[in-house]
Number of protein chains: 2
Amino acid sequence: MKEPQSRAGAGRRRVASPEEAAFLDLLRTADRLSRGLAGVLKAESLSPTQYNVLRILRGAPEGLSCGEIGDRMITRDPDITRLLDRLEKRRLISRAREARDRRTVLTRITPAGLALLARLDEPVRQAHRRQLGHLGPARLRALARLLRAARGENG
Amino acid sequence: MKEPQSRAGAGRRRVASPEEAAFLDLLRTADRLSRGLAGVLKAESLSPTQYNVLRILRGAPEGLSCGEIGDRMITRDPDITRLLDRLEKRRLISRAREARDRRTVLTRITPAGLALLARLDEPVRQAHRRQLGHLGPARLRALARLLRAARGENG
DNA sequence: CGATATTATTCGTTATAACGACAAATGTCA
DNA sequence: TGACATTTGTCGTTATAACGAATAATATCG
């Protein structure tokens with residue numbers, strides 16, 4: 001999202017509060033970086049959301065239930081079902097009902113899914129470096145720290 | 001494939017580069033803040049994108065062409081047409097072909113659109129304060145500065 | 001046992017976004 | 001003038017994502 005207010009328009013607008021200024025800078029930056037990542041993922045016809053799910057599943061080889069995936073993301077149950085449907089159709093994940101609690105379905109990443117992620121690891125890392133590397137480790141860590149503080153997670 | 005941290009079975013966390021860590025913190029934070037804003041906009045049944053367009057148009061009372069709106073946003077021409085369609089249907093904007101260059105269509109915000117924005121100004125401001133106010137002006141400005149630096153805009 | 005809660009799923013709807021094709025108006029140049 | 005390219009906006013299509021309502025299967029508790 002870009003911002004209407006930072007340009008000299010005809011209409012005189014109220015001065016942005018520090019909160020709003022930071023908010024808009026945050027959205028602008030996140031948008032730009034997301035698009036960069038999306039461009040990399042496009043090589044594998046993967047949406048950022050799908051990539052996110054695969055990354056989550058790579059971190060949990062034992063498998064996750066639909067609800068656990070939802071907890072690690074933000075989208076809700078019905079949507080996760082359809083998101084997983086698409087990934088399953090591409091054989092990137094597998095789903096199996098558990099014997100213990102037959103209500104739950106364990107979702108796992110397949111070897112094909114792992115291979116796809118592996119193909120993306122290096123391009124993704126390069127995209128991050130290309131987009132943020134010029135800040136240097138010190139400022140990157142300062143930025144990450146401020147962002148966590150913004151979410152109330154520390155400092 | 002090199003996998004710095006692939007302990008068999010428990011590949012829970014991989015080492016994130018400072019770039020990736022900052023990137024993920026950025027997306028997480030932007031996502032949370034966006035959802036907060038979306039919740040406020042929902043009271044007026046407005047999507048963040050629609051809100052963005054209205055804000056842009058409020059800053060340009062003389063009207064903007066479809067392309068100019070596109071320049072200030074990221075979505076492309078064909079999509080903006082339909083985005084404007086929905087806003088026009090709600091009488092929040094008006095469109096009129098210009099006499100000078102009859103190819104272009106000037107879009108303006110209507111009084112109803114301005115009134116809607118005015119109703120949202122205070123709740124939006126409050127949401128920003130609620131979400132980011134605890135950082136204080138100094139850290140907010142530091143954050144905004146780092147974000148601009150991340151985008152390569154010095155300042 | 002029955003009532004209730006949980007889990008995953010289905011269906012319907014809306015908005016967003018990308019891609020391509022196309023028409024209208026205009027400008028350019030031979 | 002007329003052929004051609006350009007700009008601008010429209011339309012069709014597809015995929016994705018998010019929200020709501022509802023259902024089936026299962027588990028849990030009184």
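Computed from heavy atoms alone, side chains included, the values below leave out hydrogens, waters and symmetry copies. Since the structure is predicted, the reported quantities are computational estimates derived from the model, not experimental observations. Here is how names work: the chains are called A, B, and so on, in the same order as the sequence lines, proteins then strands, and each is numbered from 1.
Counting non-hydrogen atoms under 4.0 angstrom, B/Thr81 reaches a base of the nucleic acid. Here A/Ile80 lies out of heavy-atom contact (under 4.0 Å) with every strand.
Using a cut-off of 4.0 Å between Lys/Arg side-chain N and Asp/Glu carboxylate O, A/Lys89 and A/Asp85 are scored as not salt-bridged. A salt bridge does not link A/Asp31 with A/Arg28: none of the charged nitrogens is closer than 4.0 Å to a carboxylate oxygen.
Below the 3.5 angstrom threshold, one finds no donor paired with an acceptor across the side chain of B/Arg95 and the base of D/dG9.
In the displayed structure, B/Arg119 atom CZ is contacted under 6.0 Å by more than 12 heavy atoms of other residues, nucleotides or ligands. Around CZ of A/Arg90, the count of heavy atoms belonging to other residues, nucleotides or ligands within 6.0 Å exceeds 12.
Look at CZ on B/Arg82: it is 9 Å from P on D/dC11, rounded to the nearest Å. One can place CG of A/Asp77 at 13 Å from C1' of D/dG20, the figure rounded to the nearest angstrom. Distance, B/Arg86 CZ to D/dC11 P: 13 Å, rounded to whole Å.
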| note | Scoring nucleotides 25-30 of chain D by protein non-hydrogen atoms under 4.0 Å (B base, S sugar-phosphate only, - none) yields BBS---
| task | For side chain to side chain contact (heavy atoms under 4.5 Å, CB included), just list the numbers for B/Leu120 and B/Leu46, CA-CA rounded to whole Å, side-chain angles, deciding distance to a tenth of an Å, and then say yes or no. | result | CA-CA 10 Å; B/Leu120 286 170; B/Leu46 215 58; 4.0 Å; yes
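The footprint of chain A on DNA chain C, defined by a heavy-atom cutoff below 4.0 Å, extends from C/dT6 to C/dC19.
Both B/Thr104 and A/Leu83 lie near DNA chain D, and the one whose nearest nucleotide falls closer to the 5' end is B/Thr104. Both A/Pro78 and A/Ser47 lie close to DNA chain D; mapped to their nearest nucleotides by heavy-atom distance, the more 5′-ward contact belongs to A/Ser47.
A/Thr110 approaches A/Ser94 most closely through the heavy-atom pair CG2-N, 3.7 Å. Nearest heavy atoms, B/Arg32 versus A/Glu153: NH2-OE2, 4.1 Å.
Checking B/Thr29 against A/Arg151 by side-chain atom types alone, a donor-acceptor pair falls below 3.5 Å.
Taken to the nearest 0.5 Å, the CG atom of A/Leu83 stands 7.5 Å off from the CD1 atom of A/Ile93.
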